[in-house]
Amino acid sequence: YEQCQRNVSETARRLRMHTAQFQALQRVVRALDTGSDRIAEVVTHELCTSLGYGKAMFSVVRGSNWSPVALAVNPELTGDFHELITAIDGREISLREAPREAELVRRRRPYAVDAADTYRHTYRPLIDLSRPAGYLAVPVVVDARAVAMIHVDRQSDSLSDTDVHIVGVLAGACASSKGRADLRQQNSAGN
């Protein structure tokens, strides 16, 4: 009986958390209309505040390189991540140095890494500074190309299929926002 009560309690907790996340996701998608020049900062900030992730990183993809350009850390997260924050400076990283990210760009599909696999096939300098208990990466796809990536993690709870869907919806909203911005730029250049 006690185990059943604990299971019901845990299920109710996760349901409350996911309901709050979906409501926050609607607010975040609306916030993306602030303009494509702020997408990275808005997305990472909202992922760590409104959506409750531990850390969120936004990276742009150019050819065979990726560049982390924005990082947010949940204000409630304990630990010193100053070195990680300063390491996110837009420097280009070869996809050859990050096999998981290379596969994400090639296949344009999200992936999740649990605690046991955190250090396999990853870009070690950032993982060493981040120290996640697992993470999720989702591509931002525009015109059938991965133009960016969103990474998120949590320090205590594991990531779930719901997290893949939430971050996937947000990546889709980023792609739509970028596509609209590109069209506006093309329209302005044509006039």
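What you see is a predicted model; the values in this text were computed from it and never measured. Residue numbers start at 1 and run along the sequence shown.
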Lys55 backbone acceptor or donor facing Asp153 side chain under 3.5 Å: yes

Distance-minimising heavy-atom pair for Ala70 and Ile88: N-CG2, 3.6 Å

Mind checking whether Val73 and Cys48 have side chains closer than 4.5 Å, heavy atoms only? no

Is the closest side-chain heavy-atom distance between Pro110 and Leu104 below 4.5 Å? no

For residues 73-86, the salt bridge (charged side-chain N to carboxylate O under 4.0 Å, His left out) pairs (sequence neighbours left out) are none

Please name the pair of heavy atoms, one in Leu159 and one in Val152, separated by the smallest distance, quoted to 0.1 Å. CD1-O, 4.0 Å

Would you check if Thr44 and Leu71 make a side-chain contact, meaning some heavy-atom pair closer than 4.5 Å? no

Look up atom OG in Ser160 and atom NE2 in His165, then write down how far apart they are to the nearest 0.5 Å. 8.5 Å

Between Arg38 and Glu41, is there a salt bridge with N-O shorter than 4.0 Å? no

Tell me which pairs pass salt bridge (charged side-chain N to carboxylate O under 4.0 Å, His left out) where either residue lies in residues 158-174, with sequence neighbours left out. Arg154-Asp163

Quick one, Glu103 with Arg100, criterion salt bridge (Lys or Arg N to Asp or Glu O under 4.0 Å). Give me CA distance, side-chain angles, the key distance, then yes/no. CA-CA 5 Å; Glu103 189 72 5; Arg100 288 187 196 272; over 6 Å; no

Checking the side chain of Thr49 only, and the main-chain atoms of His45 only, is there a donor and an acceptor separated by less than 3.5 Å? yes

Checking the side chain of Thr86 only, and the main-chain atoms of His82 only, is there a donor and an acceptor separated by less than 3.5 Å? yes

Does Leu170 reach the side chain of Leu51, with side-chain heavy atoms less than 4.5 Å apart? yes

Compare all side-chain heavy atoms of Val147 with those of Val141 and state whether any distance is below 4.5 angstrom. no

Of all residues at least two apart in sequence or in a different chain, which pass the side-chain hydrogen bond (donor to acceptor under 3.5 Å, both in side chains) check with Asn74? none

Which atom of Val138 lies closest to which atom of Ala171, heavy atoms considered: CG1-CB, 3.6 Å

Apply side chain to side chain contact (heavy atoms under 4.5 Å, CB included) to Val61 and Asn65, showing your working. CA-CA 6 Å; Val61 176; Asn65 296 308; over 6 Å; no

Please work out which of the three classes, parallel, tilted or perpendicular, describes the rings of His151 and Tyr111, given edges at 30° and 60°. perpendicular

Considering all heavy atoms, the nearest Ala148-Phe58 contact: CB-CZ, 3.6 Å

Flag the pair Ile93 / Pro68 as yes when at least one side-chain heavy-atom distance between them is below 4.5 Å, and no otherwise. yes

Using atom types as modelled and distance alone, determine if a side-chain donor or acceptor of Arg108 lies under 3.5 Å from a backbone N or O of Arg145. no

When you measure from the side chain of Ser177 to the backbone of Ala173, do you find a donor-acceptor pair of N or O atoms at a distance under 3.5 Å? no

Would you say Arg6 has more than 12 foreign heavy atoms packed within less than 6.0 Å of its CZ? yes

Quick check against the 3.5 Å criterion: does Ser67 have a side-chain atom that pairs as donor or acceptor with the backbone of Val69? no

Beyond-backbone contact of Leu95 with Trp66, side-chain heavy atoms, under 4.5 angstrom: yes

Treat each ILVMFWY residue as a node, draw an edge where side-chain heavy atoms are under 4.5 Å apart, and state whether Val167 and Val142 are in one component. yes

Would you say Tyr53 and Glu46 are linked by a side-chain donor-acceptor pair, where the criterion is simply a distance under 3.5 Å? no

Any side-chain heavy-atom pair from Met57 and Ser59 closer than 4.5 angstrom? yes

